[in-house]
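Chain letters run A, B, ... following the sequence lines, proteins first and then strands; every chain starts at 1. Predicted model only: the values in this text are computed from it and were never measured.
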There are 2 protein chains.
Amino acid sequence: MSTDRRRAILEGAARVIARRGVRGLRMEELATEAGVSTALIYYHFKDRAGVLRHTLEFISDRADRYTSDDEDGGAHDARRELERSLLLEFQDLPEVRENSTAWGELRASAVFEPELRGDLARATLTWIHDVADLLGRIRPTAPAPALTASAERLTALLEGLSTRWLSGALPLAHARELAKEAVTVELERLRD
Amino acid sequence: MSTDRRRAILEGAARVIARRGVRGLRMEELATEAGVSTALIYYHFKDRAGVLRHTLEFISDRADRYTSDDEDGGAHDARRELERSLLLEFQDLPEVRENSTAWGELRASAVFEPELRGDLARATLTWIHDVADLLGRIRPTAPAPALTASAERLTALLEGLSTRWLSGALPLAHARELAKEAVTVELERLRD
């Protein structure tokens, strides 16, 4: 089925990016990885930029899936949900490591490939918005700009810690600890 | 003079990395950029990994130069010095932009090039140590592990914000604001 092969291409792209980087992504290698022809890749995604854009969307959706749950999510659960959603980025599971690597690579590549920037900026805003939302459920009286600023810091910190972890400069357990404490620190700030 | 040409090679490497990324760094292009022969590059730095290692050292030293000053540095100045040293990473000056880009690229590349990791981890530790030192001058009673954790968060946040800035996802003025507020937030934390 067409949807299956489309998905196989995106899964393959995430794997190749996590293994060799965005700049190592060649359409021929991706075709081999996904078990399809390069023609089919171009048919579905038009060009290399199209593949990168949709891979970004694909890994964002996949991260949503492993960082969210179906709980009812009352205000008293928001803190737990926030911590879980931020800490789940730090797990030594192949899918999480692959996702974090690919996200970091897309971010780093956008410095050199401007055509990636628009989609990446949009995906980042969505992420910031989701985190600000959870913060607002924990601190309902905090003003919106303060919530957004805290969410911007927490998500940027997560990206910074994640690249340190993936490049071997920071042990996983310590990255989790620093992220968890950052939540506490920002929530303290939002109490004032 | 040999020292001048060595320096020209490192300046050239920082420029090429900032323009095209670590993975775009070819020895032939670097030779052209620095106005030397490839043989001289190999003579001074042995191989590509040697060039990358010494470029890392070069940009770290250069950042030290533009982020430090010669003030006496009493305790009451430590806060200003801390803010200045962290905020000076966010300036729209060619040298600063080039330095931040090259540092971010070396960090991102270390995910895929393990031979970069040792030196990068050491440079990161030095940076964390310097920031923890300044924090300790402002909060002399805070325990050392808390100072280190705050410094780890501040420096990782800076890396995260810097990549967002350089990839066009975050305006410079807002990056500065978020970094400045992060200092306040962590100092509040260290007061307890």
Engaged part of [X] at the chain B interface, taking heavy atoms whose separation is under 4.5 Å:
X         : answer
Leu154(A) : neither
Thr184(A) : side chain
Ala179(A) : neither

### Task
Report the residues that fulfil side-chain hydrogen bond (donor to acceptor under 3.5 Å, both in side chains) with Glu152(B), sequence neighbours left out, ordered by chain and then residue number.
His174(A)
### Message
My understanding is that only residues two or more places apart in sequence, or in another chain, count here; which of them pass side-chain hydrogen bond (donor to acceptor under 3.5 Å, both in side chains) with Glu181(B)?
### Response
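Applying side-chain hydrogen bond (donor to acceptor under 3.5 Å, both in side chains) to Glu181(B) gives Arg153(A), Arg189(A).
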Of all heavy-atom pairs between [X] and [Y], which one has the smallest distance, and what is that distance?
X         : Y         : value
Val185(B) : Val185(A) : CG1-CG1, 2.8 Å
Leu157(B) : Ala156(A) : CD1-CB, 3.9 Å
Arg19(B)  : Phe112(A) : O-CD2, 3.4 Å

## Note on the structure
Against chain B, residues from residues 31-56 of chain A with at least one heavy atom under 4.5 Å, in numeric order, are none
### Message
Can you list the residues of residues 118-133 of chain A that sit under 4.5 Å from chain B, counting heavy atoms only?
### Response
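Expected list: Ala121(A), Thr124(A), Trp127(A), Ile128(A).
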### Sidechain N-carboxylate O distance under 4.0 Å for Glu113(B), Arg20(A)
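Salt bridge between Glu113(B) and Arg20(A), a charged N being under 4.0 Å from a carboxylate O: no.
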### Task
Under 4.5 Å, counting heavy-atom pairs only, tell me which of Leu166(A), Leu161(A), Leu116(A) racks up the most with chain B.
Leu166(A)
### Query
Between Leu158(A), Thr163(A), Thr101(A), which residue shows the highest count of heavy-atom pairs closer than 4.5 Å to chain B?
Thr163(A)
### Summary
Taken to the nearest 0.5 Å, the spacing of Ser167(A) OG from Arg107(B) CZ works out to 5.0 Å
### Message
Count I, L, V, M, F, W, Y as connected when their side-chain heavy atoms are under 4.5 Å apart, and connections chain through other members. Are Ile59(A) and Leu87(A) then in the same cluster?
### Response
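Hydrophobic grouping puts Ile59(A) apart from Leu87(A).
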### Cluster link Leu86(A) to Leu187(A), ILVMFWY, side chain under 4.5 Å
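Hydrophobic grouping puts Leu86(A) with Leu187(A).
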### Message
The test is salt bridge (charged side-chain N to carboxylate O under 4.0 Å, His left out); show your working for Arg23(B) and Glu105(A) and say whether it passes.
### Response
CA-CA 12 Å; Arg23(B) 283 153 284 187; Glu105(A) 250 301 280; 3.2 Å; yes
### Task
In sequence, state the C-alpha distance, the side-chain angles, and the governing distance for Glu159(A) and Arg164(B), and then conclude on side-chain contact (heavy atoms from CB on, under 4.5 Å).
CA-CA 10 Å; Glu159(A) 290 183 346; Arg164(B) 286 192 184 177; 3.2 Å; yes
